[in-house]
Amino acid sequence: MGMFTAFDINASGMTAERFRMDIIAENIANTNTTRTQDGTPYRRQVVVFEEKNSQTPFHHVLNAARDRYSGTGVKVSGVYEDNWTEMNMVYDPSHPDADENGYVTYPNVNTITEMTNLIDASRAYEANSTAFTASKSIATKGLEMMNS
């Protein structure tokens, strides 16, 4: 593994987690959005990661890891709408988006879940930052040893 590979891996992790935090913030900001541009309530967005530059199945990577390190970080493979969580139905006949029975369809965003995911993303970002700093310290120490 080259000296800069560790930097690339940690930087890609920080970038991916930062993007995830942005999507979580968007979800929280749209907690009460009952009508988007297409006329439907906002749907929670979910970020999916995958290994960068990986074209092999997991078991091949696992077997190859015995011989040498394989992998160059993480990337966002997509942002998808959460279609498996039900929308929140609230009885409010005075709301302009209420149906004929007086129910308003609110987004499927749960603030507690989003805040938990935000803490998780923040901790993952922090872990990547710490690993980046450790890699930088190791590289710096190696350069100092070469100069002395």
| request: To the nearest 0.5 angstrom, please state how far the CG atom of Asp22 sits from the CD atom of Glu26. | output: 9.0 Å
| query | What distance separates Ile28 CD1 from Asn117 CG, expressed to the nearest 0.5 Å? | reply | 9.0 Å
| Quick one: side chain to side chain donor-acceptor pair (under 3.5 Å) partners of Glu81, sequence neighbours excluded? | none
| Residue Glu144 excluded, over 12 heavy atoms near CD under 6.0 Å | yes
| Any residue meeting side chain to side chain contact (heavy atoms under 4.5 Å, CB included) with Ser122, in chain and number order, not counting sequence neighbours | Met21
| request: Go through the structure and list residues passing side chain to side chain donor-acceptor pair (under 3.5 Å) with Asn30, not counting sequence neighbours. | output: Thr33
| Can you name the side chain to side chain contact (heavy atoms under 4.5 Å, CB included) partners of Thr34, sequence neighbours left out? | His95, Asp97, Val104, Tyr106
| field | Residues in side chain to side chain donor-acceptor pair (under 3.5 Å) contact with Asn101, at least two apart in sequence or another chain | value | none
| field | Shared hydrophobic cluster, Met14 / Val74 (ILVMFWY, side-chain heavy atoms < 4.5 Å) | value | no
| query | At what distance, to the nearest 0.5 angstrom, does CG of Asn110 lie from CE of Met115? | reply | 11.5 Å
| Transitive ILVMFWY side-chain link Met89 to Tyr91, under 4.5 Å | yes
| request: Under the salt bridge (charged side-chain N to carboxylate O under 4.0 Å, His left out) rule, collect the residues that match up with Glu126, sequence neighbours excluded. | output: Arg123
| query | With a 4.5 Å limit on heavy-atom distance, are the side chains of Leu118 and Glu114 in contact? | reply | no
| task | Over all heavy atoms of both residues, which pair between Pro41 and Met87 is shortest? Give the atoms and the distance, please. | result | CB-CE, 3.5 Å
| Atom pair CD1 (Ile24) and CZ (Phe19), whose distance is rounded to the nearest 0.5 Å | 11.0 Å
| remark: Correct closest heavy-atom pair for Ser135 and Asn10 would be OG-ND2, 3.7 Å
| message | Checking Phe7 now: which residues fulfil ring pair (Phe, Tyr, Trp, His ring centres under 6.0 Å) with it, not counting sequence neighbours? | response | Phe4, Phe132
| task | Kindly compute the distance separating CD1 (Ile23) from CZ (Arg44), expressed to the nearest 0.5 Å. | result | 11.0 Å
| request: Might you point out which heavy atoms bring Ser77 and Glu50 nearest each other, and give the distance in Å? | output: CB-OE1, 3.4 Å
| Test side chain to side chain contact (heavy atoms under 4.5 Å, CB included) applied to Asp38 - qualifying residues, sequence neighbours left out | Thr36, Thr40
| field | Those residues that, when tested against Asp120, pass salt bridge (charged side-chain N to carboxylate O under 4.0 Å, His left out) (two or more places apart) | value | Arg20
| said: Would the distance check show the side chain of Asn108 and the main-chain N or O of Asp82 forming a donor-acceptor pair, the cut-off being under 3.5 Å? | reply: yes
| query | Considering residues at least two apart in sequence or located in another chain, which fulfil the side chain to side chain donor-acceptor pair (under 3.5 Å) criterion with Asp92? | reply | Ser94
| field | Pairs satisfying ring pair (Phe, Tyr, Trp, His ring centres under 6.0 Å), at least one member in residues 26-52, at least two apart | value | none
| note | The side chain to side chain contact (heavy atoms under 4.5 Å, CB included) partners of Thr15 (sequence neighbours excluded) come to none
